[in-house]
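The next block holds one structure in the form of structure tokens; read it before the comments.
The structure displayed is predicted, hence computed values, not measured ones. Letters go in sequence order (proteins before strands), and every chain restarts at 1.
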Amino acid sequence: MKKQWLSIALGVVTAIGGFLDAGTVATAGEAGAKFGLGLIWAILAATLAVMLLVEMVGRFTAVSKKTYADAIREDFGFRFYLLPLTSELIAESLLLAAEIGGVAIALSLFTGIPWHTLFPFVALFIWILAWRAPFDLIENGPALLGLVTLSFLAGIVALGGIPAHLLPTLWHPNFQRGSVADYLYLVAAIIGSTISPYLLYFYSSGAREERWSRRSLVLNRVTAIVGMGFGSIGSMALLVLGAIVLQPLQISSNTLGELGLAMAKPFGITGSFLFASALFATCLGAALEVLLAVSYNIAQGFGWEWGENKKPVEAARFNLVMTIFLLIAAAIGLIGIDPLQLALFASTVIALFLPISLSPFLILMNDPQYLGNKTNGRFTNIAVICILLLAFLVALVSLPLEIITGGG
Amino acid sequence: MIDPNDEIFSVRDILDSQLQTRDRRKIGRVADIEAETRADGSLKLTYLVVGPQALAGRVHPRLRAFLRFFLRDRFEHRIPLSEVTKFGPTLYLRGKAENYAVGQSERWIAEHILRWIPGNGL
């Protein structure tokens with residue numbers, strides 16, 4: 001029993017630390033800088049969705065002993081499986097490039113070396129971790145470091161709390177700094193960055209790596225609800241900081257580095273380093289999760305050996321795919337697009353693909369063949385469908401607008 | 001006559017199932033099934049097929065012929081249905097991984113590509 005509470009605590013802590021990534025940092029910072037508190041509601045809606053989804057995928061794997069990718073291939077057949085697979089490959093290669101770039105920018109904030117120069121070394125470092133590190137190190141290491149994101153809260157306190165003039169922007173966002181198209185683009189990006197499907201592939205594979213069973217359901221529920229709930233605090237705090245610090249400076253945060261100013265205002269140089277550490281930890285954790293999620297997905301979909309706790313040669317195809325996918329993402333990153341813009345774009349693309357990547361999941365979650373008496377309730381189904389549709393529609397409208405206007 | 005004690009599986013249940021060997025290796029998934037017509041007119045499932053051509057055929061039948069033109073059946077492998085000891089979402093096979101042509105790419109990649117990369121665990 002004691003051991004179970006220990007793993008629950010660890011699960012919650014890692015969920016908090018692992019919540020943010022390049023996408024959520026970029027969207028939250030930019031949203032605050034452009035629209036004050038006007039997009040907090042989107043973070044709340046996305047957090048509700050991700051809580052529900054993570055709880056579901058953990059329950060699914062603990063009860064059925066199947067990962068999400070296994071089940072798509074087995075239940076919907078090979079032809080259908082190619083759809084979510086393709087959408088994953090497109091969206092996650094962009095996102096992985098952004099995450100690697102995020103780590104590189106964090107290191108350049110520490111060292112002063114340009115992030116382009118650091119980028120290949122960061123990619124190599126991530127590959128070494130994915131190649132040989134055991135699963136629990138990959139899952140827990142960066143997430144524990146990621147707790148430094150809670151310093152964003154301290155930043156708000158140090159600045160004297162949320163100023164009263166910002167409160168009306170909660171329901172009446174300020175459209176002086178950004179257009180309606182920007183607003184919609186950010187709604188889609190916030191939802192897409194928070195409920196990235198890579199989380200589901202990663203979480204369900206992780207549940208298998210750790211041999212979850214029906215006994216793990218409590219752990220699963222607490223991790224999903226408490227961990228994700230508290231995790232979103234980091235994201236909302238960054239949004240508020242952006243609104244307090246960046247909006248008056250007329251900075252619409254076009255790069256990840258500029259977002260660091262939000263922490264430099266309350267804490268000076270220490271604040272910059274805190275921001276850099278948070279960016280480093282969250283992007284490193286997310287890069288590993290995205291990379292592994294795609295490799296898990298392919299290996300499971302094709303029925304190959306997979307697993308981080310096996311030697312590379314024991315799961316050769318899995319590790320080869322992992323290496324190739326990382327090379328592709330690194331090549332995308334080396335084109336030199338700023339990671340913040342890339343993360344925003346990837347998150348919106350993900351939002352657009354959400355119905356493809358998650359509707360099979362909702363069908364599976366209502367199938368008693370897999371879940372017995374643990375199928376979804378009606379509230380859960382309706383809530384998730386509404387949020388997915390919202391994300392899809394907003395992405396559909398804003399993506400073409402954003403491409404026409406040149407982004408940013 | 002169907003014996004109620006018999007487990008009944010449809011072709012759909014077998015297609016896409018995980019293939020696992022006696023030494024607990026996941027070697028691939030069923031891409032296609034071969035059947036033969038018996039003299040008495042009944043149809044008997046004979047082989048499980050795994051390979052890129054068979055998979056392409058699941059997407060579109062013409063794609064299968066197209067891929068066959070290039071690959072010439074080199075990567076297509078068949079496993080007799082009699083090798084399966086237990087049916088279900090995972091098909092458990094009688095032999096060890098090394099006994100099947102399916103999944104040999106795993107070993108080929110380990111021996112020819114990963115061997116050059118440090119820390120491969122060989």
Side-chain angles (χ1 to χ4, degrees), chain A residues 61 63-67 69-83 85-86 124 127-134 205 208 296-324 326-327 360 364 367 369-370, chain B residues 9-21 23-33 48-61 63-64 75 79 88-91 93 97 100 102-122:
Chain A
T61 306
V63 175
S64 72
K65 308 281 194 299
K66 291 274 173 196
T67 66
D70 283 336
I72 301 181
R73 169 86 196 256
E74 282 165 21
D75 216 59
F76 297 89
F78 179 71
R79 199 160 118 144
F80 181 86
Y81 166 74
L82 289 178
L83 266 178
L85 178 67
T86 313
L124 180 66
W127 177 81
I128 290 171
L129 283 176
W131 181 248
R132 271 331 285 266
S205 308
R208 287 300 296 146
Y296 284 143
N297 183 347
I298 294 175
Q300 291 158 4
F302 286 87
W304 308 334
E305 280 291 312
W306 57 273
E308 274 302 281
N309 297 328
K310 295 191 170 86
K311 291 174 190 161
V313 288
E314 292 171 347
R317 291 180 281 196
F318 167 74
N319 278 289
L320 184 65
V321 163
M322 183 275 288
T323 306
I324 293 172
L326 183 66
L327 285 174
L364 290 168
D367 187 344
Q369 265 191 329
Y370 286 97
Chain B
F9 290 97
S10 67
V11 167
R12 191 175 171 274
D13 287 327
I14 298 175
L15 269 183
D16 296 310
S17 288
Q18 175 78 55
L19 292 166
Q20 186 166 319
T21 57
D23 47 347
R24 303 175 65 83
R25 294 268 164 184
K26 299 186 179 80
I27 56 171
R29 286 184 184 275
V30 180
D32 201 359
I33 301 171
L48 306 171
V49 185
V50 183
Q53 292 168 206
L55 271 183
R58 297 280 301 285
V59 180
H60 196 282
L63 224 50
R64 182 174 201 154
F75 301 104
I79 295 175
T90 299
L91 303 180
L93 300 175
Y100 300 102
V102 173
Q104 287 305 318
S105 55
E106 190 95 72
R107 207 184 308 163
W108 192 90
I109 290 168
E111 285 171 2
H112 292 87
I113 303 177
L114 302 195
R115 67 175 288 208
W116 304 105
I117 308 176
N120 53 23
L122 264 177

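Closest non-hydrogen pair, B/Arg115 versus B/Leu122, comes out as CB-CD1, 3.7 Å.
Only the side chain of B/Ile113 has a heavy atom closer than 4.5 Å to any heavy atom of chain A. Looking at B/Val30, only its backbone comes within 4.5 Å of chain A, counting heavy atoms on both sides. In this structure, chain B has a heavy atom under 4.5 Å from the side chain of A/Lys66, while its backbone stays farther away.
Residue A/Gln369 places its CD atom among 12 or fewer non-hydrogen atoms of other residues, nucleotides or ligands, all under 6.0 Å distant.
Using cut-offs of 30° and 60° for the angle between ring planes, the A/Phe318 and A/Tyr296 rings count as parallel. The aromatic rings of A/Trp127 and A/Trp131 sit parallel to each other, their planes meeting at less than 30°, with 60° as the upper class boundary.
A/Gln300 is not listed as a side-chain neighbour of B/Lys26, based on a closest heavy-atom distance of 4.5 Å or more. When side chains are defined from C-beta on, A/Leu83 does not count as touching A/Phe76, because their heavy atoms never get closer than 4.5 Å.
Applying the side-chain hydrogen bond (donor to acceptor under 3.5 Å, both in side chains) rule to A/Arg73 yields the partners B/Asp16; only residues at least two apart in sequence or on another chain are considered.
Within residues 51-61 of chain B, the residues having any heavy atom under 4.5 Å from a heavy atom of chain A are, by residue number, B/Leu55, B/Arg58, B/Val59.
Applying side-chain contact (heavy atoms from CB on, under 4.5 Å) to A/Asn297 and the options A/Thr67, A/Val321, A/Leu85 leaves one that passes, A/Leu85.
With respect to chain B, the highest number of heavy-atom pairs below 4.5 Å among A/Asp70, A/Asp75, A/Leu82 belongs to A/Asp70.
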